[in-house]
2 protein chains.
Amino acid sequence: MDRRQRRTRSMIFTAFSALLERKTYTSVTIQDIIDEADIGRSTFYAHFETKDELLKALCTDIFDHVFSEEILSEENHDFSHHSSFRDRITHILYHLQEKQQSIRGLFSGECGEIFLRYLKEYLYRVFDEHISVSGDVPHDYALDFAVSSFAETVRWWLKGHNEYKPEEISDFYFESLRI
Amino acid sequence: MDRRQRRTRSMIFTAFSALLERKTYTSVTIQDIIDEADIGRSTFYAHFETKDELLKALCTDIFDHVFSEEILSEENHDFSHHSSFRDRITHILYHLQEKQQSIRGLFSGECGEIFLRYLKEYLYRVFDEHISVSGDVPHDYALDFAVSSFAETVRWWLKGHNEYKPEEISDFYFESLRI
DNA sequence: ATAGATACCGAACAATATGTACGTTATTGA
DNA sequence: TCAATAACGTACATATTGTTCGGTATCTAT
């Protein structure tokens with residue numbers, strides 16, 4: 001990827017994140033982003049077709065980092081079998097805490113919902129192998145339940161309860177969930 | 001409320017719901033709604049200032065109906081103490097199933113997230129008295145966990161698993177939750 | 001260092017959406 | 001019947017959108 005492209009892309013991301021701390025996702029116009037990033041109109045459209053696509057790209061950038069080691073460990077079966085589910089969860093929480101600065105704006109309003117939806121897509125892959133059916137509950141449902149409630153746990157944590165450590169959040173989660 | 005106002009309001013709601021089955025929330029413009037409902041531009045703005053406000057009003061209309069008996073039973077302490085938490089949950093699920101036609105469009109994309117957020121606001125009130133702290137988990141968290149996972153259960157159910165009955169969904173939910 | 005490729009600029013453009021204003025018409029409720 | 005008012009519809013200024021295109025600056029490979 002061209003250095004100029006990386007620079008422009010990064011400038012757009014920065015401008016977008018900054019705007020989301022001041023305004024709601026809906027009220028942020030592409031014009032706002034162009035002005036904030038101080039780039040040409042056509043330049044923006046050369047990178048992203050819509051605001052939604054921009055948001056998705058930003059989320060992907062963040063999650064690819066957060067889950068990078070997760071994905072690695074998926075390939076390395078030895079490692080994945082040695083580390084417990086709880087350890088992996090705690091691990092993800094640590095990574096999210098690191099990235100907290102850049103995702104703060106992503107939690108406000110409608111934007112937070114979209115952010116969480118993408119987070120869930122990544123979580124499905126991690127959770128799938130760890131969820132076992134109990135009783136008459138369909139596996140499909142059990143997986144969705146575990147993933148959704150974890151995503152909501154992340155929201156609860158990063159949006160007003162930062163005083164807790166990743167390990168504590170992990171404990172709360174597993175105390176509330178039947179696995 | 002004037003009969004004309006009720007009529008116009010209803011026409012706007014119908015048009016909006018219809019549009020949401022065809023297009024995403026973001027892509028639906030106020031102009032679209034005006035065209036679909038076939039009303040004057042200024043008439044729309046006499047009722048709602050923004051699209052978000054319209055969505056909120058529509059959700060409120062639906063939930064006020066779904067939770068109407070719930071709210072009644074909250075006032076009537078005798079009844080509320082006799083009916084179990086599980087019964088109340090099942091009751092809510094029955095009402096949501098009834099309203100399924102009118103809320104189908106509300107589940108697509110970003111709109112679904114906003115719909116669920118409003119649903120959660122109503123659920124907090126119902127759940128609050130039924131959630132008791134266990135272990136070291138903060139009451140705050142336990143309540144959020146129960147409400148969020150129930151809202152996501154509703155999403156899972158109405159968005160692709162209609163084959164289950166309200167009682168079954170209720171069972172799945174309580175099987176997965178530690179209370 | 002040079003040259004070819006290409007990302008960015010910026011100005012312009014039509015098309016559409018937004019929010020408001022105001023005089024007119026039709027319906028309502030008392 | 002009549003006063004109140006909801007809805008109409010036309011108009012308007014403003015803003016956003018998405019696209020085009022020629023010129024400039026920057027990059028990468030040789």
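So you know, we letter chains A, B, ... as the sequences are listed, proteins then strands, and number each from 1. Below, all heavy atoms of this structure are taken into account, side chains as well, without hydrogens, waters or symmetry copies.
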**OP:** Tell me whether the guanidinium CZ or amine NZ of A:Arg41 lies under 6.0 angstrom from the six-membered ring centre of A:Tyr45 and within 45° of its axis.
**Re:** no
Original post:
Whole Å only: how far is the CD1 atom of A:Ile39 from the C1' atom of C:dC8?
Top reply: 9 Å
Subject >> N-O pairing of A:Asp61 and A:Arg9 below 4.0 Å >> reply: yes
Original post:
Would the number of heavy atoms belonging to other residues, nucleotides or ligands and lying under 6.0 Å from CD of A:Gln101 be above 12?
Top reply: no
Original post:
Does A:Arg86 pair with A:Asp171 as a salt bridge, N-O distance under 4.0 Å?
Top reply: yes
**OP:** Would you please indicate yes or no on a ring centroid separation below 6.0 angstrom for B:Phe63 and B:Phe115?
**Re:** yes
Original post:
Charged N to carboxylate O under 4.0 angstrom, A:Glu152 versus A:Lys159?
Top reply: no
**OP:** Using atom types as modelled and distance alone, determine if a side-chain donor or acceptor of A:Asp32 lies under 3.5 Å from a backbone N or O of A:Thr29.
**Re:** yes
**OP:** Looking only at non-hydrogen atoms, find the nearest pair between B:Cys111 and B:Leu55 and report the distance.
**Re:** SG-CD1, 3.9 Å
Subject >> Residues touching DNA chain D, which here means a heavy atom under 4.0 Å, drawn from residues 40-52 of chain B >> reply: B:Gly40, B:Arg41, B:Ser42, B:Thr43, B:His47
Subject >> Residues within residues 5-14 of chain B bordering DNA chain D, heavy-atom distance below 4.0 Å >> reply: B:Gln5, B:Thr8
**OP:** Take the protein atom CZ of A:Arg3 and the nucleotide atom P of C:dC8, then report the distance between them rounded to whole Å.
**Re:** 13 Å
Original post:
With respect to the phosphate group of D:dA7, does any side-chain polar atom (N or O) of B:Arg4 fall under 4.0 Å of OP1 or OP2?
Top reply: no
Original post:
Does A:Lys56 pair with A:Glu121 as a salt bridge, N-O distance under 4.0 Å?
Top reply: no
**OP:** Please list, by residue number, the residues of residues 22-36 of chain B whose heavy atoms come closer than 4.0 Å to an atom of DNA chain D; answer none if no residue qualifies.
**Re:** none
Original post:
What about B:Phe150 and B:Phe127, are their ring centers closer than 6.0 Å?
Top reply: yes
